[in-house]
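Here is the structure we will look at, set down as structure tokens.
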Amino acid sequence: MSESPQPLRVAIIGSGPSGLYAAGALQRSTEVKAQVDVFDRLPTPWGLVRAGVAPDHPNIKAVTRMYEKTASHPEFRFFGNVEIGSDITVEELCERYHAVIYAFGAAADRRLGIAGEDLPGSWAATEFVAWYNGHPDYRDLEFDLSGERAIVVGNGNVAADVARMLALTHEELRVTDVADHALEALRDSAIREIVVLGRRGPAQAAFTNPEVLELGELQDADIIVDPKDVELDEGSRRWLESDASDMTARRNVEIFTEYSRRVPEGKRKRIVMRFLTSPVEIVGDGRVEGVVVERNELVEADDGTLKAKPTGQRETIPASLVFRSVGYRGVALPGVPFDEARAVIPNDGGRVLAEPGGEPLRGHYVVGWIKRGPTGIIGTNKRDAQETVKALLEDVAAGKVLECPQPEREAIESLLAERCPDHVTYAHWQSIDRAEREAGEPQGRPRVKLCTVPELLDAAGVSVVKS
Ligand code: NAP
């Protein structure tokens, strides 16, 4: 197919996996020559790969090599430290691009909706994750790790990450890229027991198998599972044997069953998995002192799924810290449609709709968590982005993208020079990356993260700091 005479100008908002996979898919197109500009609010790219993936998971982080390849394309540009919606509006982007792809993920957390949720000592797990990963907005949080027990609510991979991070030894952590402030605080942590609460059973947990296996392989923490908790109810057993279940669930049950048979080795810390247990209230006089929990049983809902039903049997688990790890939640961007009920941008296969179930909004597309909700592993975003880019290219062929009255590549640069003179380009990011890696080398760490915007801009060689 012949190349179109005019390059297709695409702005992608968000430089995490979904944004980078969308950029890569556009670059691979044989139908158009795409010029892709990726914007990020932070001076650093890679979204949750930098700010979400646990520091002791370097292999997962290695995916950035793919993104570096995409970023090295001559028609790719990165503009970090630029907030779309405040520094530059979506309307202004629309004058300079044929299409805008929203790839900004889900920045907030889902709430439990119980009393005491906002007591000091009760945190969204996402805050803790961003803190230990050196996200500049969370750098100054102070977690009181002086108590002996922390409770993690939720049975997803974020809950597993948080439990593990609280259980890892200083020796295990100090060879990672965990933020220095977190390394220090976690070294002095007095937490000895981490209780992980699942409202349903082991068969319904959202963990993936490697994450469950890791919990049983920690240097200085025993894993404790009550044998009664892995005795499956009739509904779970039937479901596990049916085609509706999956290998992950079956294997999780096997692993938890094996854990329930283990004799604790008397390690310094314990991770206690409690299933069929929901928090009903977080209690304490001015700060978290415990969590009132209620035992659940599983009942079949109208859609055939097994839901947690409270039994009325309650107890209080003393604890000084609570991490609510029940999922992320998307946040609206001014000027862009938002489905409040699902906390996503309403879309049809990646084409943004003016409202849920409404008409497509010409030139606007969406990928990743803000498209489908906060589920799936990093790789899930690849297929997701391909679907969106396919729709976008169909619209290009049908002449259904934005008119783009200012198609020159420089048009956005002059606006950035005026609004965000301290924006970070890809070359600037490479300077930051080099500085962090060099700082890590003598310590045998992959990098030492710079965790404030001024430090990052300094390493980038960008001198103007936003007021
Ligand atoms: P998630 O996988 O959706 O898990 C959320 C958990 O919270 C579920 O166990 C859910 O239980 C529970 N929950 C929801 N509302 C609750 C309530 N009111 N009370 C008690 N429990 C409640 O979310 P996530 O852990 O935030 O992870 C987000 C995505 O990132 C997932 O796809 C995850 O796999 C991925 N991730 C992957 C990795 C990795 O690959 N290593 C690491 C981190 C995150 P129900 O099932 O009963 O609703």
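Remember, it's 1-based here, ligands and their atoms both numbered in the order they're listed. We use all heavy atoms of the structure for the numbers below, so side chains are in, but hydrogens, waters and symmetry mates are not.
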Practice problem: May I ask you to say whether Glu315 pairs ionically with Arg274, meaning some side-chain N is under 4.0 Å from a carboxylate O? | Solution: yes
Practice problem: Look at ligand 1 and say whether Ser278 reaches it with a heavy atom at a distance under 4.0 Å. | Solution: no
Quiz item: Does a salt bridge link Asp177 with Arg445, judged by any charged N lying under 4.0 Å from a carboxylate O?
Solution: no
Quiz item: Using 4.0 Å as the upper bound for N to carboxylate O, is an ion pair formed by Asp222 and Arg270?
Solution: no
Quiz prompt | Top protein contact for atom 2 (O) of ligand 1, by heavy-atom distance | solution = Ala206 CB, 3.6 Å
Quiz prompt | N-O pairing of Asp40 and Arg50 below 4.0 Å | solution = no
Practice problem: Kindly say whether the aromatic ring centers of Phe275 and Phe256 come within a distance under 6.0 Å. | Solution: yes
Self-check item: Neighbour count above 12 (heavy atom, 6.0 Å) for Lys382 NZ
Solution: no
Quiz item: Less than 3.5 Å between some nitrogen or oxygen of Arg200 and one of ligand 1, yes or no?
Solution: yes
Quiz item: Looking at atom 8 (C) of ligand 1, what's its closest protein heavy atom, distance included?
Solution: Asn155 N, 4.0 Å
Self-check item: atom 39 (C) of ligand 1: the protein heavy-atom neighbour that sits closest, reported with distance to 0.1 Å
Solution: Glu211 OE2, 3.6 Å
Quiz item: If we only count N/O pairs under 3.5 Å, is Val158 in contact with ligand 1?
Solution: yes
Quiz prompt | Electrostatic pair Arg77:Asp37 at N-O distance under 4.0 angstrom | solution = yes
Quiz item: Less than 4.0 Å between a side-chain N and a carboxylate O, is that true for Glu193 and Lys269?
Solution: no
Quiz item: Near Ile377, which atoms of ligand 1 are under 4.0 Å from a heavy atom of that residue?
Solution: 40 (O)
Self-check item: Donor-acceptor under 3.5 Å (Arg200 side chain, Leu306 main chain)
Solution: yes
Exercise. For atom 4 (O) of ligand 1, find the nearest protein heavy atom and state the residue, atom name and distance (0.1 Å precision).
Key: Gly156 CA, 3.5 Å
Quiz item: Any salt bridge between Glu234 and Arg238, counting N to O under 4.0 Å?
Solution: yes
Quiz item: Are the ring centres of Tyr67 and Trp46 closer than 6.0 Å?
Solution: yes
Practice problem: Write out the residue and atom name of the closest protein heavy atom to atom 30 (O) of ligand 1, then the distance separating them to 0.1 Å. | Solution: Trp369 CZ2, 3.4 Å
Quiz item: For ligand 1, does Leu112 get within less than 4.0 Å through its side chain, its backbone, both, or neither, judged by non-hydrogen atoms?
Solution: side chain
Quiz item: Which residue holds the protein heavy atom closest to atom 23 (O) of ligand 1, what is that atom called, and what is the gap in Å?
Solution: Gly327 CA, 4.1 Å
Quiz item: So which protein heavy atom does atom 15 (N) of ligand 1 come closest to, and at what separation?
Solution: Arg199 NH2, 3.3 Å
Quiz item: Gly376 to ligand 1: N or O pair under 3.5 Å?
Solution: yes
Quiz item: Going by the order shown, which atoms of ligand 1 are within less than 4.0 Å of some heavy atom of Pro374?
Solution: 28 (C), 29 (C)
Self-check item: Short N or O distance, Thr208 and ligand 1, threshold 3.5 Å exclusive
Solution: no
Quiz prompt | Structural part of Phe207 in contact with ligand 1, heavy atom criterion under 4.0 angstrom | solution = neither
Exercise. Would you kindly specify which portion of Asp161 sits under 4.0 Å from ligand 1, judged on non-hydrogen atoms: side chain, backbone, both or neither?
Key: side chain
Quiz prompt | Glu117 side chain to Gly113 backbone, donor-acceptor under 3.5 Å | solution = yes
Quiz prompt | Charged N-O contact under 4.0 Å between Asp433 and Arg437 | solution = yes
Quiz item: Are any of the N/O atoms in Asn157 less than 3.5 Å from those in ligand 1?
Solution: yes
Quiz item: Got an N/O contact under 3.5 Å between Tyr328 and ligand 1?
Solution: no
Exercise. Could you tell me the residue and atom name of the protein heavy atom closest to atom 22 (C) of ligand 1, and the distance to it rounded to 0.1 Å?
Key: Val326 CG1, 3.3 Å
Quiz item: Under 4.0 Å from ligand 1, counting heavy atoms only, is it the side chain of Ala205, its backbone, both or neither?
Solution: neither
